[in-house]
Number of protein chains: 2
Amino acid sequence: MLKILEALANPHRLQIIALLKGRRIHVSQLAREASMSRPLLYMHLKRLEAAKLVSSKMELSSNGKAMNYYELTPFDLRLSPESIAEAVKTLTIKKSGGTTSGTSSAKEDTHE
Amino acid sequence: MLKILEALANPHRLQIIALLKGRRIHVSQLAREASMSRPLLYMHLKRLEAAKLVSSKMELSSNGKAMNYYELTPFDLRLSPESIAEAVKTLTIKKSGGTTSGTSSAKEDTHE
DNA sequence: AACACCTGTTAAAAATATATTACATATGTA
DNA sequence: TACATATGTAATATATTTTTAACAGGTGTT
């Protein structure tokens, strides 16, 4: 879930999803429609693909040119305190310790 | 919607939401339970509060100490290509131009 | 050959986000 | 007064993300 949220937390990537809704587009065309450079688009697509929100398929057009078509993976995610609490159970938060007690000198702000 | 997604795209903040589910907690207690320093927690809470996912209320405990209690704002958001496409309509993506044509020299990768 | 498209990648710069350290302040109790 | 708790902020360091610039190669058409 976190990976999906990270993938969606960017205006360009939301726009890419909106542009892909209901149709397949190849990378260069998508770059034009999204008004962004291809290297940047590749980066964003990679992130969306890693989150499995989009998929790609290389095809040869009738004139023999290679075209990489992207399309949306159907998804319908619900975000609520409950669904988040569930997802958190499977998360490993780095540097976590689970300290319950706390007998620290009041001058220190750090906790661990 | 973007602001909410950005607020949720972080493991610590998801954890904070999970910890706040169904109860009110004051900042110091939350810092202990989340195993993070208060300055860091403040930063994350500010982000959640800006997205209106949590709210806070200062109260005086029985012994006269000031306590800042945080609680969840109920929310239930749906994420689908459709809801995203709707949200994108209201987004202003910086440096957008809406270039439809493109007569650029093939050597350049930049598009605008 | 030169042009117009298409496919990608790598390296570095710029912008944000995250995390830490140090500080300042207040209340109640031993 | 000293200690333990609570409130909060400002400045800095670190890490990550986003963006740009430069490169390397393919096919088909004029």
Side chain of [X] - closest among [options]:
X: B:Arg32; options: C:dG28, C:dT9, D:dA6; answer: D:dA6
X: A:Ser28; options: C:dT20, C:dC6, D:dG8; answer: C:dC6
X: A:His12; options: D:dT7, C:dC6, D:dT19; answer: D:dT19
X: B:Lys65; options: C:dT18, D:dA6, D:dG8; answer: D:dA6
X: B:Leu40; options: C:dA19, D:dG8, C:dC6; answer: C:dA19
X: B:Tyr42; options: C:dG28, D:dT18, D:dT7; answer: D:dT7
X: B:His44; options: C:dA19, D:dT18, C:dA17; answer: C:dA19
X: B:Val27; options: D:dG8, D:dT18, D:dA6; answer: D:dG8
X: B:Pro39; options: D:dA10, C:dA19, D:dT7; answer: D:dA10

Using whole Å, report how far CG of A:Leu2 lies from C1' of D:dT16.
14 Å
Separation of atom CG in A:Leu41 from atom C1' in D:dT19, rounded to whole Å:
13 Å
Within the 4.0 Å heavy-atom criterion, would you say A:Met58 contacts the bases, only the backbone, or no part of the nucleic acid?
sugar-phosphate
With a 4.0 Å cutoff (strictly under), does any side-chain N or O of B:Arg13 reach OP1 or OP2 of C:dT18?
yes
